[in-house]
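Below: one structure, written as structure tokens.
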Amino acid sequence: MIVDCHSFNNEPLPYEKNRRKRPDFCISVDEKHTPKKLVDDIINTIRNSNLSVEINFPYEGTIIPSYFYGKANEVSSIMIEVNKKLYLTKDFKKSKSYNKTKKIIEKILYYTQKFENDL
């Protein structure tokens, strides 16, 4: 199980073409290597916390070593992207929702570990 984690700006960067409103979380997946059950559990966790989530927006895909891509079903991967507004203020201090965001991420990581252990 590969868990690739990043954060993103609430406002698109100048080179990004898609200018639509960004979600609180982006879950990026690969059709062959990201288990649907895992994605469903993560989406439910985020939505149950009254936050928005999208699949493969504003970023898409996840890391799979090329040696395993499309060949090894036992290699799973997911990318978790967190909107910076959830944990940072504009002057780069912890926001009011920092602890809530941290708990959500911990729960997401629990699901990834649980999924890996159930293999």
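Everything quoted here is computed from the prediction, not taken from an experiment. Numbering starts at 1 and runs along the sequence shown.
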Note to self: By the ring-ring contact (aromatic ring centres under 6.0 Å, His included) test, which pairs, at least two apart or in different chains, include something from residues 67-102?
What the structure shows: H33-Y69

Note to self: Between T34 and I78 (side chain of the first, backbone of the second, donor and acceptor by atom type, cut-off under 3.5 Å), is there such a pair?
What the structure shows: no

4.5 Å side-chain heavy-atom contact, [X] and [Y]:
| X | Y | answer |
| --- | --- | --- |
| C5 | V82 | no |
| I42 | N44 | no |
| F25 | N83 | no |
| M1 | L38 | yes |
| R47 | V53 | yes |
| L88 | S95 | no |
| V29 | T62 | no |

Notebook entry, point to check: Linking Ile, Leu, Val, Met, Phe, Trp and Tyr through side-chain heavy atoms less than 4.5 Å apart, which residues share a cluster with F57?
Noted result: none

Margin query: How long is the straight-line distance from CD1 of I64 back to OG of S76, given to the nearest 0.5 Å?
Written below: 7.5 Å

Next item on the list: Test side chain to side chain contact (heavy atoms under 4.5 Å, CB included) on I43 and I55 and set out the steps.
Entry: CA-CA 9 Å; I43 287 172; I55 303 298; 3.5 Å; yes

Item checked: Contacts of type side-chain contact (heavy atoms from CB on, under 4.5 Å), residue K90, not counting sequence neighbours -> none

Checklist line | Partner residues of P58 under the side-chain contact (heavy atoms from CB on, under 4.5 Å) criterion, sequence neighbours left out | finding: F8, R22, P23, C26

Under the salt bridge (charged side-chain N to carboxylate O under 4.0 Å, His left out) rule, collect the residues that match up with [X], sequence neighbours excluded.
| X | answer |
| --- | --- |
| K17 | none |
| D4 | none |
| K84 | none |
| K37 | D41 |

Notebook entry, point to check: Which is it for M79 and Y59 under the side chain to side chain contact (heavy atoms under 4.5 Å, CB included) test, yes or no, and what are the steps along the way?
Noted result: CA-CA 9 Å; M79 183 166 66; Y59 301 101; 4.1 Å; yes

Next item on the list: Decide whether I2 and I80 are clustered together by the hydrophobic rule: side chain heavy atoms of Ile, Leu, Val, Met, Phe, Trp, Tyr closer than 4.5 Å, transitively.
Entry: no

Notebook entry, point to check: With T45, which residues qualify under side-chain hydrogen bond (donor to acceptor under 3.5 Å, both in side chains), at least two apart?
Noted result: none

Check: Sequence neighbours excluded, which residues qualify as side-chain hydrogen bond (donor to acceptor under 3.5 Å, both in side chains) partners of N99?
Finding: none

Notebook entry, point to check: If you look only at pairs with a residue in residues 54-73, which of them pass as a salt bridge (charged side-chain N to carboxylate O under 4.0 Å, His left out), with sequence neighbours excluded?
Noted result: R20-E54

Item checked: E16 versus R19, closest heavy-atom pair with distance -> O-NH1, 3.0 Å

Pair up each side-chain donor or acceptor in residues 100-110 with any protein partner under 3.5 Å, not counting sequence neighbours, and list the distances.
from : atom 1 : to  : atom 2 : distance (Å)
K100 : NZ     : S49 : O      : 2.9
T101 : OG1    : L86 : O      : 3.0
T101 : OG1    : S97 : O      : 2.8

